[in-house]
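Worth saying up front: this structure is predicted, and the values here are computed from it rather than measured. Atoms within a ligand are numbered from 1 in the order they appear, just like the ligands themselves.
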Amino acid sequence: MRIILIGPPGAGKGTQCQRLVEYLKVPHLSTGEMLRAAIRAGTPEGITAKEYMEHGQLVPDSLVLAMVTKRLETPDCRSGCLLDGFPRTLPQAEMLDDLLERRAMTVDGVIELAVPRDELIRRMLARKRADDNPEVFSKRIVSFETQTAPLLDYYARQGKLASIDGLGAADEIFGRVREAVEQFERRSAAPGGR
Ligand code: ADP
């Protein structure tokens with residue numbers, strides 16, 4: 001299974017992704033984590049990415065795409081993966097489709113973790129991370145709404161989107177995530193399915 005999890009900053013994507021990779025037994029591809037690792041390692045990509053991330057902006061598509069392409073090429077991604085934080089813009093989604101198509105692969109399903117904006121802000125105030133100060137956080141929400149939210153339509157048109165309610169206990173939400181995955185599995189198994 002190749003699945004994408006999309007959600008605004010603070011939606012609880014990290015928690016659900018951890019559970020989902022254990023459940024699916026596939027590698028977890030988090031571009032946020034890859035970028036933070038590049039920053040820690042002080043690579044040229046890390047140095048460039050840091051500037052953008054500190055300002056709550058998205059890192060340029062070309063940089064992220066190069067990283068993801070390389071990762072998708074490793075053998076452990078052959079039979080599937082969970083994409084977390086990628087794609088985040090329409091060009092990234094289109095390039096991902098291209099990349100997969102050339103390898104006779106496809107995205108099996110996209111899960112949207114939906115959480116209202118006031119709840120995101122309430123959660124942010126209750127936790128702390130370097131890129132979580134209120135000003136930077138608001139910018140990340142705006143960048144989600146303007147650059148990432150259009151992807152929901154893109155995948156809905158492909159018939160791949162499952163939107164789930166991101167409010168409630170982590171277990172309860174994971175129950176919804178699992179239902180979405182089961183729906184993708186049934187669809188892939190159906191005649192004429194992917
Ligand atoms: P969150 O989901 O909480 O926003 P992430 O860990 O996914 O956090 O990402 C942190 C930051 O890394 C983002 O705000 C952005 O600057 C950068 N980033 C991560 N993934 C991408 C991507 N696919 N394209 C561009 N920038 C990205």
Purely on distance, is any nitrogen or oxygen of [X] under 3.5 Å from one on ligand 1?
X	result
R140	yes
G10	no
L58	no

Heavy-atom contact check, 4.0 Å cutoff: does R36 meet ligand 1?
yes

Residues which pass side-chain hydrogen bond (donor to acceptor under 3.5 Å, both in side chains) with Q16, listed by chain and number, not counting sequence neighbours:
none

Got a sec, which residues hit side-chain hydrogen bond (donor to acceptor under 3.5 Å, both in side chains) with D97, two or more places apart in sequence or on another chain?
Y154, Q158

Please determine if [X] and [Y] form a salt bridge, counting it only when a charged side-chain N lies under 4.0 Å from a carboxylate O.
X	Y	value
D76	R71	yes
E22	R19	no
E73	K70	no

Which atom of F184 lies closest to which atom of V110, heavy atoms considered:
CZ-N, 3.5 Å

What atoms in ligand 1 come closer than 4.0 Å to a heavy atom of [X]?
X	answer
L35	12 (O), 17 (C), 18 (N), 19 (C), 27 (C)
Q57	15 (C), 16 (O)
V64	22 (C), 23 (N), 24 (N), 25 (C)
Q92	22 (C), 23 (N), 24 (N), 25 (C)

Pair T89-D61, side-chain hydrogen bond (donor to acceptor under 3.5 Å, both in side chains): steps then yes or no
CA-CA 8 Å; T89 63; D61 288 339; 3.1 Å; yes

Can you check which of E33, R88, M124 brings a heavy atom nearest to atom 7 (O) of ligand 1?
R88

